[in-house]
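Letters A, B, ... mirror the listed sequences (proteins, then strands); counts begin at 1.
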Amino acid sequence: MTDLRDLAEPTTPDPDLVGVLTDLFADYRATRATPTAVVDLDRDLWQRLEQLGMTRLTGRESSGGSGGGWVDAAALLGLAAAAAAPVPLAEHDLLGGWLLEAAGLPNDGGLRTVCRPDPSGVALNVTWARDASRIVALWEDRDQWRVADVPIDRVAIEERRNLAGEPSDTVEFDLDDLENGTVVAHEIGEQFHLRGALARSAQVVGAMERVVEVVLAHVREREQFGRPIGRFQAVQHLVADIASETALARAATDAAVARAAASEWRDPGMLFAVGVAKSCVGHAASVVVRGAHQALGAIGTTLEHELHTLTRPILARRSEYGSLQDWDETLTALASSAGHDRLWTLITTGRAKPSSGQRPPHDNA
Amino acid sequence: MTDLRDLAEPTTPDPDLVGVLTDLFADYRATRATPTAVVDLDRDLWQRLEQLGMTRLTGRESSGGSGGGWVDAAALLGLAAAAAAPVPLAEHDLLGGWLLEAAGLPNDGGLRTVCRPDPSGVALNVTWARDASRIVALWEDRDQWRVADVPIDRVAIEERRNLAGEPSDTVEFDLDDLENGTVVAHEIGEQFHLRGALARSAQVVGAMERVVEVVLAHVREREQFGRPIGRFQAVQHLVADIASETALARAATDAAVARAAASEWRDPGMLFAVGVAKSCVGHAASVVVRGAHQALGAIGTTLEHELHTLTRPILARRSEYGSLQDWDETLTALASSAGHDRLWTLITTGRAKPSSGQRPPHDNA
Amino acid sequence: MSARLVPPGARELPALTDLRLEVRAFLADQVAAGAFVPHVDTWLTRWDRDFTRELGRRGWLGMVIPTEYGGQGRTYLERFVVTEELLVVGAPVAAHWIAERQIGPSLLRYGTEEQKQAFLPGISRGEVVFGIGMSEPDSGSDLASVRTRAERVDGGWRLTGTKVWTSGAHEADAFFALARSAPLDPAHRHEGLSQFIVDLRAPGVTIRPIISMGGDHHFNEVHLDGVLIPDERVLGEVGQGWSQVSSELAYERSGPERVLSTFQLLAAAAQAMDDGRLPTDPGLGRHVARVAALHHMSFAVSTALEHHEDADTAAAVVKVLGTTGEGDIADYVDTLTASGWALDEELDTLLHAAILQRPGFTLRGGTNEILRGVIARGLGMR
Amino acid sequence: MSARLVPPGARELPALTDLRLEVRAFLADQVAAGAFVPHVDTWLTRWDRDFTRELGRRGWLGMVIPTEYGGQGRTYLERFVVTEELLVVGAPVAAHWIAERQIGPSLLRYGTEEQKQAFLPGISRGEVVFGIGMSEPDSGSDLASVRTRAERVDGGWRLTGTKVWTSGAHEADAFFALARSAPLDPAHRHEGLSQFIVDLRAPGVTIRPIISMGGDHHFNEVHLDGVLIPDERVLGEVGQGWSQVSSELAYERSGPERVLSTFQLLAAAAQAMDDGRLPTDPGLGRHVARVAALHHMSFAVSTALEHHEDADTAAAVVKVLGTTGEGDIADYVDTLTASGWALDEELDTLLHAAILQRPGFTLRGGTNEILRGVIARGLGMR
């Protein structure tokens, strides 16, 4: 019989890492304050993560990172999101740290966020901008992509908040600061949107898995008409549906992460793989958020309940790095370009044409 | 207190007419043959309807019609569709008869269908073409609309069938026969598509109401796990959903029919009203067909069961006179043209702009 | 059994349309003057006593209250069009909503002459503001499980218990409380309940806020600690609370507030599509069509109620479809919207508010699970 | 309890991909040569013994049957990719489907050495064609309610009863029949059932067609009138029929045929959008994404089964999502298609077939209502 190891490679994160993080976030959950409508950076948690090397998990060891890959990083993002931890792991490490390395710029480890300013130097909805020491900017300048690592005191910040109540600021750069950006490879500029979209997918899936747990605990305990509401067939089906959609979103996200990790993002099928994850995650979010709030009832809409600390970020993040509609349109374009004879090839390899590269639309996250 | 009669006018069909038709179709249902995959015109039933004046219900009395209005006609279409009666009432009377009257052409009462040939003289999916004695053609000829009443032996028919198994033929006209068509008013050409779409909506709603009855009878009688399946909460909710969607489709269709009847189709809001009906009916069809077959189980997929004599025409007709997508796009165009400040005016009056007229897209039924 | 769940439709005639246009013109002026900023779900979240009193002055409150009690003596159909116009424009109507929708009609039906004289004129002027006290901790959709006790005392009753989800209690003058006036008989759970008119400033009443997930304060816990209710503030018959409450459900469930809570968001999305700020998408047309159809269906139910026809099942249909649609509009617009792409303050504000309010749409006034059961019963399945 | 219903994913490695491409190239040649016309739901509706035998010759049947029984001795993962490739291209695979999916594995697990020798080589060559006899009139999803009786006789059993929805029985050689070999004990309904291998040409077997709503003949009623089954054609243990049948459910429910039945329609729609025959619409991307995610999920379940891990709940998730999606694709394309607008023979043919087959997707192999209950149980709710 064929050796199974030649056929398929499991893509699971380092169990030790998962163990450490599970304990850390369990502890965080047990000691955190009651939920609030406005959510600010938790610097204590950030320091604990920093001490464990988690804030620069994917950075090269030569530049002070932990040398981890996307499989572990996606696990970290998911566990943090399940704990509704207000820390900019994606922005600081997977996007900002990566851009600095790509540009060969030094990284002092200070908290960073990232954005793509428009030609006038303005970037909208920059998460955690007000909390960063520097902001890593990426922009397209006459067919070249450039990166700059701009100190926070060189930008003007208009404080805003996203649906999750987190900082999501408007940042205005001094155009002088952008003028001398470091040129990076073209692929860096194209990958940024994909990496951001996949990081968001991993976060949303992690939060949705926690939502399923919260819902299950509730429907087992809460009684109505003399029995736990989880005994009602309508509630069982509703919970089965949110758990199933979450599982599908997980499968799509894991597959994209595995492909990214195996190819170090060089696989030309990454656009399709990320699109599949973003689409499945985004549609799952509709089902999961609606279903969870319906199952929890009025209590789930109160400020003190955990549920909204998950559902609000789920919806906030599914619209980052492209709307759900944008990604469905991207997939539609890929699918119709693949046409009848190559649709299955697209699904199995991510390539619509024998040699295709395609940029995502609206990729100005 | 205000007199209610000044505020709202009920729009219900003539109860005597409904009584006669209910009896007629009950009798038809009781005596018809078992269902078949291929459905042919029932000439006996057609004759009985003809004897009652139903085949020309909306024709002017001066030209041999019964002088009925759209409210009664919609009731007739719905009851006939609920009985899955294979008779071309919409084609012959509401569309064909109306076009002949509009063109001032004689109507000998012989069975007619209608179509809109393209410039090469070809019309696709012409229902009941092979069974007609003449085909009423409508086409646009250099900004003028023209009508011709063409004998069946002057056209070439390629026999095809629609999803319902009914004749839905490709008809090729001799261009000579179309050359001397009678010019009709512009509004006739524009109304044709709307009248066809609303007639189809009335048929689909009638069939869906019968589906709800079939489902209810089944779930009360059929037992599984020791009790009627209608006692299971999941089945109750499924049936509640199909009945609710059917009710919504009914409300939308009745409103459009009432507006058509009150204004004799002159109300500029008819495009919106028909679009609302076609959209709600079309989306309801998805829910109702899926839900009914799910509730009925395998037995409902057999040739001998009544269910498919309803669900197949429901789906066949919702794609006639514009696809569901076409109509949603038409409504989107109207709604975005109305914009923020006039969206509610659009909903209450059908007018997107203070003086608007708009043609439906893809109106080549 | 009939597969027809909803009464036949009716066409609005010019007398109604004139009223509609009159209200619409007034509201357009108010918006233009900045008297209020259009918003979503305003019948719960936007409280403005001045605006409410202005509606009273114009004769658009107490619409179905007879003139001898200070009302307008008009029809449910006329109230329907006024209500629709107020909701679609996102006007601040929370202060009078509950009184106008159910307190007034309940008082008319079950109140004593003294009670009618005491409350209806103030309600019609928009000066007396009511809440409603039904739900209790853990009662959820099972209203018969209320545990607030009404104990007979000399000349009245003493109420002890806790009501939750009482919207606007912190701003209101009084509320109707459902309480158990006789011990629970498990075999007849719906018996022994009574309704009381409770002055929210009476001794023994404590009101604590329940803060919503968006940080807003609309709901309250109302603690009743031996609150004395004189006999003349019992509503209707002692022990008949359940049937009194149930008889109002069709009015409570079929109104346009079960359809239009997110209409301002839909309108903003239509504008954004026209302006190119949102991608053109057939989903807009689909949602507009459903709102239009529900407008007809809700009107049909109002017509039936005006004729005193039974419409409980039809009202449940309106509420299930309408509240689902309200929420679907929020989710739909959310799926079209990309963060970081463009700044659209108005759309963002409406969208975020709609998303935060959405869970309540299909829970309040009977969950959609309960209501689908009501529909199944109407279809003869239970 | 874990919220994780589905086993972790795995990445396909080149050895599998090479097999995939080999099968794909063969199938492309077959289509080009006109050996078959791609269609929807071919694992139920397209029966071609020649094609099946050709697959056997190429080593793509009996994939998981050991070589000593004439099989290929390969893995479930290898069978998985072969199966996917056959389904997406719409190949005529009905003749071997049931044998390959469940009869072979069941014989391997429960069959006697003689039974294995008797059937497995023929199955692996595509020469012995099997059906399955589970459902009965009125049994529906409640399989324990089967009433076919197995009566003990000298040297064997006599089967009497009626099986329905037996696909391909009119073309098959034999089927597995589930029958009651001991009287029903209402307290232990799952006991007293046994499985029998029935020669469909044996005396006492009568096969009558059940015609589907589209006029096609795929299903049958199989009447068993005292059919003699020798002891050596009892499968597994007498009285253990229920657990034997149940143990195969994960294999039966999680396969790609629960995802890909309408893939040819989806592919045709993608082409039609590219050609401008259908409007460009983001729904295409949404459906393609779901198919892709289900491909990963179904592969993950196969990996777990290969490792003999419990995957009943995960299989139910695949089947619920997959079969719903198959049907949604049919409905989706239908909503885009206007009658009378353009003639597209290929798309029309696939669409009509998909619509007519659709009701079966979410019924066969356990209805989605039953399966959502299975998922709820997996979540610890029942």
Does any backbone or side-chain atom of A/N162 lie under 4.5 Å from a heavy atom of chain C? Answer side chain, backbone, both or neither. backbone
Separation between OG (C/S139) and CD (A/Q224), nearest 0.5 Å, reads 7.5 Å
For the candidates C/I210, C/D138, C/T367, which exhibits the highest count of non-hydrogen atom pairs separated by less than 4.5 Å from chain A? C/D138
Can you confirm whether more than 12 heavy atoms, excluding those of A/R231, are under 6.0 Å from its CZ atom? no
Could you look at C/R364 and say if it's the side chain, the backbone, both or neither that has a heavy atom under 4.5 Å from chain A? neither
Between A/L303, A/L324, A/L307, who has the most heavy-atom pairs with chain C when the cutoff is under 4.5 Å? A/L303
What part of A/R312 gets closer than 4.5 Å to chain C, counting heavy atoms only: side chain, backbone, both or neither? side chain
Any donor-acceptor N or O pair under 3.5 Å, side chains A/Q294, C/T362: yes
Could you grab the distance from atom CG of C/D281 to atom CG of A/D328, nearest 0.5 Å is fine? 10.0 Å
Which residues in residues 328-336 of chain C have a heavy atom less than 4.5 Å from any heavy atom of chain A? C/D328, C/D331, C/D334, C/T335, C/L336
Relative to chain A, which segment of C/L351 carries a heavy atom at a distance below 4.5 Å: side chain, backbone, both, or neither? neither
In terms of heavy-atom pairs under 4.5 Å with chain A, the winner among C/G215, C/P359, C/S135, C/A144 is C/P359
Could you measure the distance from the OG atom of C/S339 to the OH atom of A/Y321? Nearest 0.5 Å is fine. 9.0 Å
Hey, which of A/A234, A/G300, A/S286 has the most heavy atom pairs under 4.5 Å with chain C? A/S286
Counting only heavy atoms closer than 4.5 Å, note whether A/I229 contacts chain C via side chain, backbone, both or neither. neither
Yes or no on side chain to side chain contact (heavy atoms under 4.5 Å, CB included) for A/E304 and C/M213, after CA distance, side-chain angles and deciding distance? CA-CA 8 Å; A/E304 65 198 14; C/M213 63 195 231; over 6 Å; no
For C/T337, is it the side chain, the backbone, both or neither that has a heavy atom under 4.5 Å from a heavy atom of chain A? backbone
Give me the atom names and distance for the closest heavy-atom approach of A/I299 to C/W165. N-CZ2, 3.8 Å
Side-chain touch A/T301/C/L356, heavy atoms, less than 4.5 angstrom: no
Can you measure from NE2 (A/H305) to OG (C/S212) and round to the nearest 0.5 angstrom? 14.0 Å
Mind running side chain to side chain contact (heavy atoms under 4.5 Å, CB included) on C/R358 and A/R290 for me, showing each step along the way? CA-CA 8 Å; C/R358 181 197 189 183; A/R290 185 193 52 208; 3.4 Å; yes
C/I370, part contacting chain A, at a heavy-atom distance under 4.5 Å: side chain
Would you check if C/I355 and A/L163 make a side-chain contact, meaning some heavy-atom pair closer than 4.5 Å? yes
Rounded to the nearest 0.5 Å, how far does CD of C/E369 lie from CG of A/L238? 6.5 Å
